[in-house]
Amino acid sequence: MASEKGIREKMPKQPQQMSAEQQEAAEEKQRAQEDMKNSILSQVLDQNARARLTNITVAKPEKGEMLQSIIIQMAKRGQIGQKLTEESLKDLLQQVNLQTEKPKIKVSFDRRRANLDSDSDDDM
């Protein structure tokens, strides 16, 4: 055990946290990305569509983020010719819902078997 302690002391200690400068740079980079994302979304969405997207993001953050990234990708590829309206956003949301829909699980309960297996039978 003494040798193990000596090995630990010889190993260089790694910083557990980022320095203040690195943390500030990371926050600044994240803010810049947010600003760019908001700028693109405001350019390609009309006011009603932007409000609906905000509501979706508040209610279901994962779905809202997915929609935002899809819209940004479409804008970067030039697939959006004019501002998306609320109706076109609804259509896009339906397409996303169809693609990400999970299969429904059906649970059936056979009452006949439940009656046969009942422990409430009177044994006389």
Side-chain angles (χ1 to χ4, degrees):
M1 292 230 179
S3 63
E4 188 176 313
K5 186 177 179 182
I7 292 173
R8 284 187 196 159
E9 290 174 358
K10 292 178 183 176
M11 292 177 60
K13 295 183 180 181
Q14 297 176 353
Q16 296 295 329
Q17 298 177 346
M18 288 194 285
S19 71
E21 295 169 356
Q22 290 173 331
Q23 199 170 24
E24 188 176 315
E27 289 174 3
E28 182 63 32
K29 184 178 178 182
Q30 187 176 6
R31 269 186 252 129
Q33 288 176 343
E34 267 309 301
D35 290 343
M36 185 179 77
K37 180 174 78 170
N38 288 330
S39 172
I40 292 172
L41 289 174
S42 65
Q43 289 174 8
V44 298
L45 296 174
D46 71 359
Q47 194 172 19
N48 292 334
R50 183 80 170 129
R52 181 172 288 273
L53 182 60
T54 302
N55 290 340
I56 291 169
T57 305
V58 169
K60 296 185 177 183
E62 297 158 354
K63 190 164 285 194
E65 292 292 326
M66 184 186 311
L67 271 174
Q68 287 177 1
S69 65
I70 289 170
I71 292 168
I72 290 170
Q73 287 175 1
M74 289 173 65
K76 286 182 178 180
R77 291 183 194 145
Q79 295 174 333
I80 301 175
Q82 58 186 0
K83 284 193 172 194
L84 293 177
T85 63
E86 187 174 2
E87 290 301 316
S88 58
L89 183 66
K90 286 180 187 179
D91 293 339
L92 183 61
L93 180 60
Q94 284 181 335
Q95 291 174 2
V96 168
N97 284 338
L98 289 175
Q99 291 175 356
T100 61
E101 190 174 89
K102 296 177 183 174
K104 294 184 178 181
I105 299 173
K106 183 177 179 181
V107 177
S108 61
F109 184 74
D110 191 358
R111 293 177 186 251
R112 290 175 288 181
R113 287 188 185 161
N115 286 335
L116 293 175
D117 293 339
S118 177
D119 289 337
S120 64
D121 294 335
D122 294 330
D123 293 331
M124 287 192 190

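Here, residue 1 is the first one in the sequence, and each next residue gets the next number.
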Met66 side chain near Lys60 side chain, heavy-atom distance below 4.5 Å: no
Spacing of Thr54 atom OG1 and Gln68 atom CD [to the nearest 0.5 Å]: 7.5 Å
Interatomic spacing from OG in Ser88 to NZ in Lys83 - rounded to 0.5 Å: 12.0 Å
Heavy atoms of other groups near Gln73 CD, more than 12 under 6.0 Å: yes
Nearest atoms (heavy-atom pairs only) where Leu67 meets Leu93: CD1-CD1, 3.5 Å
4.5 Å side-chain heavy-atom contact, Gln82 and Asp46: no
Where Ala49 and Leu84 come nearest, the two heavy atoms and their spacing: CB-O, 3.5 Å
Euclidean distance, Asp35 CG relative to Gln30 CD, rounded to 0.5 Å: 11.0 Å
Nearest atoms (heavy-atom pairs only) where Ile71 meets Ile80: O-CD1, 3.7 Å
Electrostatic pair Glu28-Arg31, nearest N-O below 4.0 angstrom: yes
Spacing of CD1 belonging to Ile70 relative to CD belonging to Gln79, to within rounding of 0.5 Å: 11.0 Å
Shortest non-hydrogen separation from Ser42 to Ser39 and the atoms involved: OG-O, 2.9 Å
For the student: nearest non-hydrogen atoms of Met36 and Lys76, plus distance: CE-NZ, 4.3 Å
Neighbour count >12 (heavy atoms, 6.0 Å) for atom CD, Glu21: no
Inter-residue atom distance Gln43.CD - Asn38.CG, 0.5 Å rounding: 11.0 Å
Separation between CG of Leu92 and CG of Asn97, rounded to the nearest 0.5 Å: 9.5 Å
